[in-house]
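Quick caveat: nothing in here was measured; it's all calculated off a predicted structure.
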Amino acid sequence: AHPTKIFLGGLSAEVTDDEIRQYFSAYGTLTDSVVMKDRDTGRSRGFGFVQFDSPEVARRVMQDKDQHVLGGKWVECKPAVPEDAMKGGKKGGAV
């Protein structure tokens, strides 16, 4: 199954939720969009997420991944990894 959620990395500190919503809604229907902010300062942490209603739309965004520029800065787009998938998996360390 192709993911519908995309990680956005390298966001300029000035980029807002509204800007990523406007930009990525050109591809299709967004179900969620957020710029992650520091809990204490409220400033952007430089990354965020967008989620679409269809894997096909997310796939089109990924096809254009070299072309996404917001706030004058290239934005890295990657399929988002669900948190539960990150917690599982192999643990490093001695055998």
For the pair V15 and K73, evaluate side chain to side chain contact (heavy atoms under 4.5 Å, CB included) and give the outcome as yes or no after the intermediate values.
CA-CA 10 Å; V15 171; K73 220 175 146 199; over 6 Å; no
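- The backbone N or O of G10 sits nowhere less than 3.5 Å from a side-chain atom of W74 that would complete a donor-acceptor pair.
- Taking CD of Q63 as the start and OH of Y27 as the end, the distance is 9.5 Å to the nearest 0.5 Å.
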Full working for side chain to side chain contact (heavy atoms under 4.5 Å, CB included) between I6 and Q51:
CA-CA 6 Å; I6 294 176; Q51 185 159 10; over 6 Å; no
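- Atom OG1 of T29 is separated from atom CZ of F52 by 9.5 Å, given to the nearest 0.5 angstrom.
- Here the CG-CG distance, from L70 to L8, works out to 8.0 Å after rounding to the nearest 0.5 Å.
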Run E76 and K78 through salt bridge (charged side-chain N to carboxylate O under 4.0 Å, His left out) and show every step you take.
CA-CA 7 Å; E76 179 187 15; K78 295 192 288 202; 3.7 Å; yes
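- Looking only at distances, no side-chain donor or acceptor of D64 sits under 3.5 Å from a matching main-chain atom of Q67.
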I would like to know whether C77 and M62 meet side chain to side chain contact (heavy atoms under 4.5 Å, CB included); could you show each step before the answer?
CA-CA 7 Å; C77 294; M62 292 308 302; 4.1 Å; yes
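- Between the CD atom in Q22 and the CD1 atom in I20 there is a gap of 11.0 Å [rounded to 0.5 Å].
- The side-chain heavy atoms of V35 and T16, taken from C-beta on, include no pair separated by under 4.5 Å.
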As a quick check of understanding, evaluate side chain to side chain contact (heavy atoms under 4.5 Å, CB included) for Y23 and H68, giving each step before the final call.
CA-CA 9 Å; Y23 178 86; H68 301 303; 2.8 Å; yes
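- Interatomic distance, CE of M36 versus CZ of F49, reported as 6.0 Å (0.5 Å rounding).
- The NZ atom of K5 sits 9.0 Å away from atom OG1 of T31, with the distance rounded to the nearest 0.5 Å.
- Checking S12 against E14 by side-chain atom types alone, a donor-acceptor pair falls below 3.5 Å.
- Within a 6.0 Å sphere centred on NZ of K37, heavy atoms belonging to other residues, nucleotides or ligands number more than 12.
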